[in-house]
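Take a look at the structure set out below.
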Amino acid sequence: MERRLFGTNGIRGVFNQDLTIEFAVKIAQAIGTFFKGGNILVGYDCRTSSPAIAQAVIAGLASTGCRPIEAGMAPTPTLQYAVKNHSLDGGVVITASHNPPQYNGIKVLGNDGVEISREQEIEIEEIFFEEKLYRASWEKIGQPRKLTNIIEEYNEAIKNHVDVEAIKRKKFRVVLDPGNGTASLTAPKLLRKLGCKVFTINANIDGNFPGRPSEPRPENLGDLCAVVRAVNADFGVAYDGDADRSIFVDENGEVHWGDKTFALIEEWFLRKNPGEKIVTPVSSSRLVLDVAERYGGKVVWTKVGSVVVSHKMKEIGAKLGGEENGGVFYGPHQPVRDGTMTTALILNILAETDKKLSDLLSELPKYFIEKDKVECPNELKKKVLERFRMEIEAEGLKFETIDGAKIWFSDGSSILVRPSGTEPIYRFYAEARTRERAENLVREYKEKISKIVAELS
Ligand code: MG
């Protein structure tokens, strides 16, 4: 049995059940041993357990001779930017992103602020399990230092990537919903500096997330939509708990899913930078491809997961990446998801085009998306996928196998059939020009996978 600590997005668990203070000290010792000294940023999100875990991480890092650089509470992208901006050797972020309040997690950053690679995570896991923890002698123990002002530095950096004067002239009215998370620390200040009239809901920081669930999903954003309409705002935006994802609501109070806003940003970016590469997971909408084809860009598909997108961007030198869940990676700022940066880009687009958000979104090609899942025991997943790929190959279908299997049909529709990385299920994402076609695709492929699972059981 392979021993793993890191999942697709760092280490996650329920505080004091999976993720204890003792564990936090030991994993920090392993992380410090991996870094072999140096200045390591420690920062955290607004969860009730975050300050305690941060103290444990600071102790663990210091014991290995690393100097913990205490950044306090801030959005994950702000902490990532601080690592790069202050030329630190790495970072540890205490966050469970959008998970419920009882969860917390630990994310490790390299010296550019991007999450470390899977190979580096394995190194840390080996140090942890084999207890090869480096213990510095008393005179070499790391002495913590505090970092102040990172929020102002981060907001200033974002302003360098947009047309501040053009945005200011528009005097936009914007409703922000940080979901009681850390976007409260960055987005309202930045937007006021950009001349916006800012309205906020759920902007009191509270690790119990009393306002709405921490994940911005259409069904959680009713209050935001109502306030956008009530105050006649130009748009609204909701963030997840650690402010790396953002979901937008147009001036009519309608929620738009992340791949649509990403397509707008992609279009704006490719108009200015024709021929550039756009990195996105295979689960993204065909919109990303349509926009790239129209403006001469090239789409590079990846496996599902934000860290994969960041690393692919670094590897091929791409400047823009995006996920359907509202994660936009703007490389000129930093190749990681960043909700506040994304908000500034949307303001920039509205200022430059002089159009309403709903109009811009309605100009995009329209697709219907259907999602579903079927059960499949973990030990069968690989065999099921092999058999399925053989079947679709025999049918002569056009497909790719970056993550599961994504089949492209000649009418422009597609289906992604993908084993979940965490649960004993297969997931289906179909996309088509009509709802019936998307529904039929999901039904058809669910049947195919269920049949294979039954045969192999
Ligand atoms: Mg997040």
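All residue numbers refer to positions in the sequence shown, counting from 1. Whatever order the structure lists ligands and atoms in, that order sets their numbers, starting from 1.
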Legend entry - K355 atom NZ, neighbour heavy-atom count above 12 within 6.0 Å: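 No, the 6.0 Å shell around NZ holds no more than 12 heavy atoms from other groups.
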Legend entry - Residue and atom names of protein N/O/S atoms that fall under 2.8 Å from the Mg ion (ligand 1):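 For the Mg ion (ligand 1), the protein N, O and S atoms that sit under 2.8 Å away are S97 OG, D240 OD2, D242 OD1, D244 OD1.
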Inset, instruction - May I ask you to decide if the ring planes of F269 and Y330 are parallel, tilted or perpendicular, using 30° and 60° as cut-offs? - result: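 Plane angle over 60°, so perpendicular.
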Inset, instruction - Over 60° means perpendicular and under 30° means parallel, so classify the ring planes of Y81 and H333, tilted if in between. - result: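 Rings of H333 and Y81: parallel, as their planes differ by under 30°.
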Legend entry - Charged N-O contact under 4.0 Å between E352 and K272: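 Answer for the salt bridge query: yes.
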Inset, instruction - Return the set of residues passing side-chain hydrogen bond (donor to acceptor under 3.5 Å, both in side chains) with N208 (not counting sequence neighbours), or none when no residue passes. - result: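 Here the qualifying residues are D206.
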Legend entry - Aromatic contact, F15 with F23 (centres under 6.0 Å):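 Distance test on ring centres: not under 6.0 Å, no.
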